[in-house]
Enquirer: 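Below: one structure in structure tokens.
In what follows, every chain begins at residue 1, and chains take the letters A, B, ... in the order their sequences are listed.
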Amino acid sequence: MRVTVRLFARLRDITGASELARDLAPGATIGTVWRQLAGEFPALADYERSISSAVNADYARMDHVLHDGDEVAFLPPVSGG
Amino acid sequence: MRVTVRLFARLRDITGASELARDLAPGATIGTVWRQLAGEFPALADYERSISSAVNADYARMDHVLHDGDEVAFLPPVSGG
Amino acid sequence: MTPLLAIGPEALELERLAAALDASAGSNAGADGAVVTFLGLVRNHNVGRRVRYLEYEAYAPLALKAFERIGAEIHERWPDVRLALHHRIGRLDIGEASIAIAARSPHRANAYAACRYAIERVKQIAPIWKREFFDGGDMWIEGATADPDDQRARAEAERIACA
Amino acid sequence: MTPLLAIGPEALELERLAAALDASAGSNAGADGAVVTFLGLVRNHNVGRRVRYLEYEAYAPLALKAFERIGAEIHERWPDVRLALHHRIGRLDIGEASIAIAARSPHRANAYAACRYAIERVKQIAPIWKREFFDGGDMWIEGATADPDDQRARAEAERIACA
């Protein structure tokens, strides 16, 4: 299955992309995607404990199981307001 | 000596005047004026403990000694805002 | 130019207060990160009475001095806050604003606290009265005995402001 | 018509939020006695850096849902408050407003508390980031790890709101 990954702020700078496509095995979770990305971009490791994640524009935990066509987002600590 | 007395809100309704002139003996205080008015308008007695007073548009206590030409004001409990 | 402190019959506008604060900031305006404003509106009911309209009366010169005093208290307690405060008098219909306050500061905590403190102090010490015209009659509303030197009242306003 | 909750590149105006709240009140508008607003402004310095301008970025659809969640939390905690909240994105110069919040209620205590709570919660859970361009460089500002289910963070926002 295939998901779209959205990256924001410094995560986007690190990966050089605001949007990536990734192919996953069935049963993959948000965490699966994160570990895959962290393997490709070691600088992401800094964010291991501080990122939030979302699926289809709703907050979701790392153990959330993904489906084909999902939009996964990784969010560094926020600074709005 | 002569002072002007300003009355507001229900004090004005009770006395029927927003401004009165009063002749006073030397050494008279704000309290002197108040007791004089309370003698003329018994309904003012209700305000004995709740009024505030001012002289020349500055808050002043009842024992404040008046001078010729002063403007004395009596203020019922306030309700601005 | 709009003054920072005012009392009069004109309708109140937040934009005018904000502009007055902007102008008063001068070259230091860029240091401010927060503006908190308060509008007091005439409500259509009060303790079970259906209110038709209000009439506000003030001892205007003393009211302005009370506003200045409140501004000085705020300057003492929150030196980085600048304040604008306008009160309206005369007849006010339901939904109209009787008071508009704006507090501007580098940090939001002080702007919130000062804005709240200002309205509490106005209710304590500004020589202003409202007469309520309701279905079936009218009456003067009487709240606090005004005593600007009452430190207990001032402390209570600070407590409410969550300072 | 202006929506109550919004995120976009347009300049923020308090009057638009106030009008949106007015309109949303409908026939019940006359019951409200207080409107409290907050504007967050871009400051010209931050922890010793001279700031030139900011760029705000957001995950807009999730940001709107976060605003809705904050609105629901406020409705639960202060049922008589109605809220409007607009956040700006894109480049913002010094003194421009990045966020505008308005809370309207029959009583001022709830309007103040809800308005303060809203900005604290935005800083906790809205997926929005600012990049600071200062003399000598630029950097993404990173604040709180967004977790809308963190009840400790929510309790902290209530505490700060002095509720």
Side-chain angles (χ1 to χ4, degrees), chain C residues 12-19 21-22 25 27-46 50-54 93-109 111-113 115-120 122-123 158-163, chain D residues 12-19 21-22 25 27-46 50-54 93-109 111-113 115-120 122-123 158-163:
Chain C
L12 302 178
E13 286 172 29
L14 277 185
E15 298 291 343
R16 293 185 70 218
L17 273 82
L21 274 187
D22 260 0
S27 60
N28 212 34
D32 290 332
V35 185
V36 175
T37 74
F38 172 76
L39 275 183
L41 308 178
V42 177
R43 298 170 63 206
N44 60 11
H45 63 277
N46 186 28
R50 279 174 60 101
V51 178
R52 292 163 50 220
Y53 63 94
L54 299 181
D93 290 318
I94 305 301
E96 290 195 292
S98 54
I99 186 166
I101 304 173
R104 194 176 156 121
S105 166
H107 300 288
R108 66 186 180 283
Y112 270 104
C115 188
R116 183 72 197 270
Y117 179 83
I119 177 63
E120 300 305 321
V122 164
K123 287 176 176 283
E158 281 203 21
R159 189 191 65 75
I160 292 174
C162 200
Chain D
L12 302 178
E13 288 173 28
L14 277 184
E15 298 292 342
R16 294 187 69 218
L17 273 81
L21 274 186
D22 259 2
S27 60
N28 212 35
D32 290 332
V35 185
V36 175
T37 74
F38 173 76
L39 276 183
L41 308 178
V42 177
R43 299 169 63 205
N44 60 10
H45 63 277
N46 186 30
R50 279 174 59 101
V51 178
R52 292 163 48 222
Y53 63 93
L54 299 181
D93 290 318
I94 304 302
E96 291 196 290
S98 54
I99 185 166
I101 304 174
R104 193 176 157 121
S105 164
H107 301 289
R108 67 185 178 284
Y112 270 103
C115 188
R116 182 74 197 270
Y117 179 83
I119 178 62
E120 300 306 321
V122 164
K123 287 176 175 283
E158 283 203 21
R159 189 191 64 74
I160 292 173
C162 200

Enquirer: For D:Glu13, enumerate each residue passing the side chain to side chain donor-acceptor pair (under 3.5 Å) test, keeping only those at least two apart in sequence or located in another chain.
Expert: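 Per chain and number, D:Glu13 pairs via side chain to side chain donor-acceptor pair (under 3.5 Å) with no residue.
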Enquirer: Between C:Val36 and chain D, which part of the residue has a heavy atom less than 4.5 Å away: side chain, backbone, both or neither?
Expert: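 Both parts, heavy atoms under 4.5 Å.
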Enquirer: Can you tell me how far the CZ atom of D:Arg116 sits from the CZ atom of C:Arg116, to the nearest 0.5 Å?
Expert: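 Interatomic distance, D:Arg116 CZ to C:Arg116 CZ, rounded to 0.5 Å: 13.0 Å.
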Enquirer: So which residue, C:Asp93, C:Val42, C:Asp22, C:Ile119, ends up with the most heavy-atom pairs under 4.5 Å with chain D?
Expert: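 Among C:Asp93, C:Val42, C:Asp22, C:Ile119, the one with the most close pairs to chain D is C:Ile119.
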Enquirer: Which heavy atom of C:Tyr112 sits nearest a heavy atom of D:Cys115, and at what distance?
Expert: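 It is OH-O, 3.0 Å.
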Enquirer: What are the two closest heavy atoms between C:Asp32 and D:Leu41, and how far apart are they?
Expert: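 Closest approach of C:Asp32 to D:Leu41, heavy atoms only: O-CB, 3.5 Å.
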Enquirer: Sort out for me which of C:Ala34, C:Ala18, C:Ala97, C:Gly95 touches chain D most, counting heavy-atom pairs under 4.5 Å.
Expert: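 So the answer, after comparing C:Ala34, C:Ala18, C:Ala97, C:Gly95, is C:Ala34.
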Enquirer: Can you say whether D:Ala109 sits under 4.5 Å from chain C via the side chain, the backbone, both, or neither, judging by heavy atoms?
Expert: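 Both parts, backbone and side chain.
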Enquirer: Using non-hydrogen atoms and a limit below 4.5 Å, what part of residues 98-106 of chain D faces chain C?
Expert: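 Residues in range: D:Arg104, D:Pro106.
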Enquirer: If you measure from CG on C:Leu39 to CG on D:Leu14, what distance do you get to the nearest 0.5 Å?
Expert: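 Here the rounded value is 9.5 Å.
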Enquirer: What pair of heavy atoms forms the shortest contact from C:Ala31 to D:Arg43, and how long is it?
Expert: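 It is O-NE, 3.4 Å.
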